[in-house]
Amino acid sequence: MLEKTYTPETVEDRRYREWEEGGFFKCGQNAERNSSDETFTIVIPPPNVTGSLHMGHALNNTLQDIMIRYQRMRGLDVLWQPGTDHAGIATQMVVERQLAQNGEPNRRDMGREAFLERVWKWKEESGGTITGQLRRLGASCDWSRERFTMDEGLSRAVLKVFVQLYKENLIYRDKRLVNWDPALETAISDLEVQQQEIQSNLWYFRYPVEGEDGTYLTVATTRPETMLGDSGVAVHPDDERYKHLIGKHCILPLVGRRIPIVADAYADPEQGSGAVKMTPAHDFNDFEVGVRHNLEMINIFTTTAHINENAPEKYRGMDRFEARKAIVEDIEALGLLEKIDDHTHMVPYGDRGGVPIEPYLTDQWFADAKTLAKPAIESVEQGRTKFVPENWTKTYYEWMRNIQPWCISRQLWWGHQIPAWYGPDGEVFVEETEELAYAEALAHYKDKGDVQSVEMLEEGRGLERDPDVLDTWFSSALWPFSTLGWPDETPEVARYYPTSVLVTGFDIIFFWVARMMMMGLHFMKEEPFHTVYVHALVRDEKGAKMSKSKGNVIDPLDLIDQYGADSLRFTLTAQAAQGRDVKLATSRVEGYRNFMTKLWNAARFCEMNECLPVDGFDPAAVGQTVNKWIVGETVKAERAVRAGIESYRFNDAASSAYQFVWNVFCDWYLEFAKPLLTGDDAAAQVETRATAAWVLEQILKLMHPMTPFITEELYDHLKGENRSKPLIVSDWPVYDDGLIDAAADADMNWVIKLISEIRSARSEANVPPAAKMDAILVEGGDAVLSRAKAYMDLLGRMARIDGISIGEAPKGALQVVVDEAVVALPLAGVIDLDAEKARLEKAIAKADGEITKIDKKLSNQGFLAKAPDEVVQENRDRLAEEKAARDKLANALERISAAL
RNA sequence: GGGCGCGUAGCUCAGCGGGAGAGCACUGCCUUCACACGGCAGGGGUCACUGGUUCAAUCCCAGUCGCGCCCA
């Protein structure tokens, strides 16, 4: 016997273990059921190995799991490929912090090799907590295939890709400005840079013009310290104020350098003074101007953003903010500070290091993203990969068409070390192994006749590997095929690539989608996925982004503890409407927890009434109208849920299931079934038990992808001893359209309407709920009478009437109108006549309103001429109905008034 | 500045050319033999505003106002 409420904590771990240990998550296990040899594959967007489950993951993985479970039940060979990425910066930071806390030697003191050992140790002990958390969510990933971007196989894929792209000239080394994080001392991606609005100042400095005593050019800057690296001043070519100075020079104060005044449209006459100091080595825009005008690139910072030896001695060693202060003071002392304005502007911050990033001129490795992006753009243009919702294609195009060279090197230790070796003269050799690089180098220097280098190499010296590692996203870009075993020609690559759909939040379209598209197309010659489903962000209930600093983070694991994984999953699913963010309120989760309890109790009711599945039960063969009706409703519900899942309208799937379970099955069918289940008609009882069990079983199937735990638990109870296989691998139902019986529908809808009307009238007229009476059919005649008599059990139980016969409405009776029928309930003395009169008047007013509206429509010639026939007919029918109802209500009102 | 999106019941949101919906909250009644995490009934909306297209607009188009987010 089921308990009164569902307790997720006693079910979830146990069920999950059964699934996983039973091998039901494994790809290929479904193959014998699968006649069409169709596969369905999703690669998980690999979470960060240092990460833990947040709401975004919960939504993302719930939706993936719904598709995976649905397709698995449909009998497809399903692969949900899980794993994590090595998160270069984040992981290195975690371990460094740990070392500091333990008072152990820092990274540099312990050396690269020892440090990497520590990182691996950390990974084995504490990495990947998120995979355990995904299990708690119910994610049915094939854990036997779990991968990590630093795995041997995936690392091999990285090496191969790097070397091949290098040899195809799609990877190259270059000295360019990159986003430099001075806290972490590494280049970072422009996607890892967050712009923050900062209230600061605009400083106006006067730069003396060479050879013209007393003439100054005023420049405005937000970063005074960079003036130490100035190598020019730009003015707009059409700016009348400065035209005469173009071609002349300024003498850079404090430094004494002679710097040219150049004309460039980049200088905006409206901004600041209209003249802009140029620091090409420390600003992206200045860099461009510098290239155009051949300005010197003077790097004034160390890797930690302290002033270096390229600046006057006084400032060397100062940190950038100290230097700013000193320079402003010194400029002022020279009388060259014109003014300081308040100024709010955007300052780039590194999202990991948390300090402002520096545009910094260094040697880095770059991928030719522009070339790689071309086919990736075409794939979407030509519809081979499509975005859902479709409008994300715009974002994708926007970014891909303006893509910049991708800086792929990082000055870190944790990651895939770049397979490039430098010879004694700095010549670079890129190969998958040191041996190959060595051979290549030897051949090169022999060929060149460089005896000294050949000698060094032969002694095992002179070849040094590039110390840098690759951007984590370089390896994640290969994820859809590297996880399947590529570069080996594995059966998995052949079978599961390309994957079916990628599920992701829009915030990582650039990180994920774009890069996987580029790499997938280049190396596999085929898109990595046909569909990209972009879901929303999860926000707090007020719509603010969840963040630790705001303190509005809701931990999905807390919600799972409190309400169960299914409640959380269903909440997220029900709110996953396309194109709108999910605003999560716990009251919502609580509401869906109540829904889980409702389902539980429906099953409990079935259990108590011995509703057990009957082998060979044929839903087409039921005889009772209520059973015919619920079978048809089940078919409709399956259609709605299926359509929702298949069209990525998960909220529709959830609400269809919700409505069917609660508002159809529980509210009506189970109530209708009660007299049959407890009555003396043995045949009807047997049929109803079987039907109820069948419908419940269908419900468990339809809901399983969304709420796997409770459905599996109930399925187990329902099946009892005869259970052959668990719900997770049961067959998704396929129904015959013929199961929808129009006559049964019409009858049951009429019964529902009549019961609702009677209940409503009784309630509004303050009839005591317990009062029962005979009903009198005032209008409607024999046809209605026999229909009502056929369902007397239901009417009796749910509308509380004893019987029905044709007659006159007694004085002061309650009267309800349903279609052609007027039913009177003789309750003189019990009912509140004024309330009843008011009720009828209200109903008449409502009908009048409708009649006026429809009348207006039907008297419009344009409508009659141009609207589709069925719409016109529908309105005519409705008008007739409303008029008939209005007349009946008016009669009823007259009778009540007479009784007053 | 460019792009995307949103303004529908007190709150959170579906619906998106032909009868205004859900959940929560609220009110009244009901401890009825599945469920009070429940049942029954009910109140509550010029679908932001202004124009346009259409026989018909919450829905399509344009503009206005307000609010988000992304990119510069």
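Order of the sequence lines sets the chain letters (A, B, ...), proteins ahead of strands, with each chain counted from 1.
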Hey, are A:Thr7 and A:Thr10 close enough side-chain-wise for a donor-acceptor pair under 3.5 Å?
yes
With a cut-off of under 6.0 Å to the ring centre and 45° to the axis, is A:Arg689 in cation-pi contact with A:Trp694?
no
Just to be sure I understand the rule, does A:Ala867 reach a base, reach only the sugar-phosphate, or reach nothing, if contact means heavy atoms closer than 4.0 Å?
base
Side chain to side chain contact (heavy atoms under 4.5 Å, CB included) between A:Phe660 and A:Ile630: does it pass, once the steps are laid out?
CA-CA 10 Å; A:Phe660 177 62; A:Ile630 196 63; 4.1 Å; yes
Pick base, sugar-phosphate or nothing for A:Lys842, based on heavy-atom distances below 4.0 Å to the nucleic acid.
sugar-phosphate
Which part of the nucleic acid does A:Glu850 contact within heavy-atom distance under 4.0 Å: base, sugar-phosphate only, or nothing?
sugar-phosphate
Looking at A:Lys857, I'd like to know whether one of its side-chain N or O atoms comes within less than 4.0 Å of OP1 or OP2 on B:U54.
no
Taking atom C1' in both B:G21 and B:G44, what distance in whole Å separates the two?
13 Å
Could you pick out which residue, A:Tyr592 or A:Gln575, lies toward the 5' side of RNA chain B when each is mapped onto its nearest nucleotide?
A:Gln575
At 4.0 Å (heavy atoms only), tell me whether A:Pro868 reaches a base, stays on the sugar-phosphate, or touches nothing.
base
Select one nucleotide: of B:C55, B:G19, B:U12, the one nearest the side-chain heavy atoms of A:Arg588.
B:U12
Reckon A:Asn875 has a side-chain N or O less than 4.0 Å from the OP1 or OP2 of B:G19?
no
Please determine, by modelled atom types, if A:Asp566 and A:Tyr592 share a side-chain donor-acceptor pair under 3.5 angstrom.
no
Ion pair check, A:Arg604 and A:Glu607, cut-off under 4.0 Å
no
Using a strict cut-off of less than 4.0 Å between a Lys/Arg side-chain nitrogen and an Asp/Glu carboxylate oxygen, indicate whether A:Arg878 and A:Glu882 qualify as a salt bridge.
no
Using a 4.0 Å cut-off on protein heavy atoms (strictly under), produce a 5'-to-3' string for nucleotides 32-41 of chain B with B for base contact, S for backbone-only sugar-phosphate contact, and - for none.
--BBSBSSSS
Between B:C69 and B:G42, how far apart are the P atoms? Round to whole Å, please.
42 Å
Considering only the P atoms, how many Å lie between B:C30 and B:G19, rounded to the nearest integer?
39 Å
Distance between C1' atoms of B:G7 and B:U64 (Å, rounded):
14 Å
Under-4.0 Å salt bridge between A:Glu358 and A:Arg223
yes
Give me the distance, rounded to whole Å, that separates B:A62 from B:G10 when you measure between the C1' atoms they each carry.
33 Å
When you measure from the side chain of A:Lys394, which nucleotide among B:G23, B:G18, B:G3 comes out closest?
B:G3
Step by step, would you call A:Asn179 with A:Ser189 a side-chain hydrogen bond (donor to acceptor under 3.5 Å, both in side chains)?
CA-CA 7 Å; A:Asn179 296 298; A:Ser189 153; over 6 Å; no
A:Asp877 and A:Gln873: side-chain donor and acceptor closer than 3.5 Å?
yes
Any A:Asp681 side-chain heavy atom under 4.5 Å of A:Leu676 side chain
no
Using the P atom in both, what is the distance from B:A57 to B:C47, to the nearest Å?
13 Å
A:Gln659 has an atom CD; how far is it from atom P of B:G15, in whole Å?
13 Å
For RNA chain B, list all stems, counting runs of three or more consecutive pairs where every pair is Watson-Crick or G-U wobble with both distances under 3.5 Å.
B:1-7 with B:65-71, B:10-13 with B:21-24, B:26-30 with B:38-42, B:48-52 with B:60-64
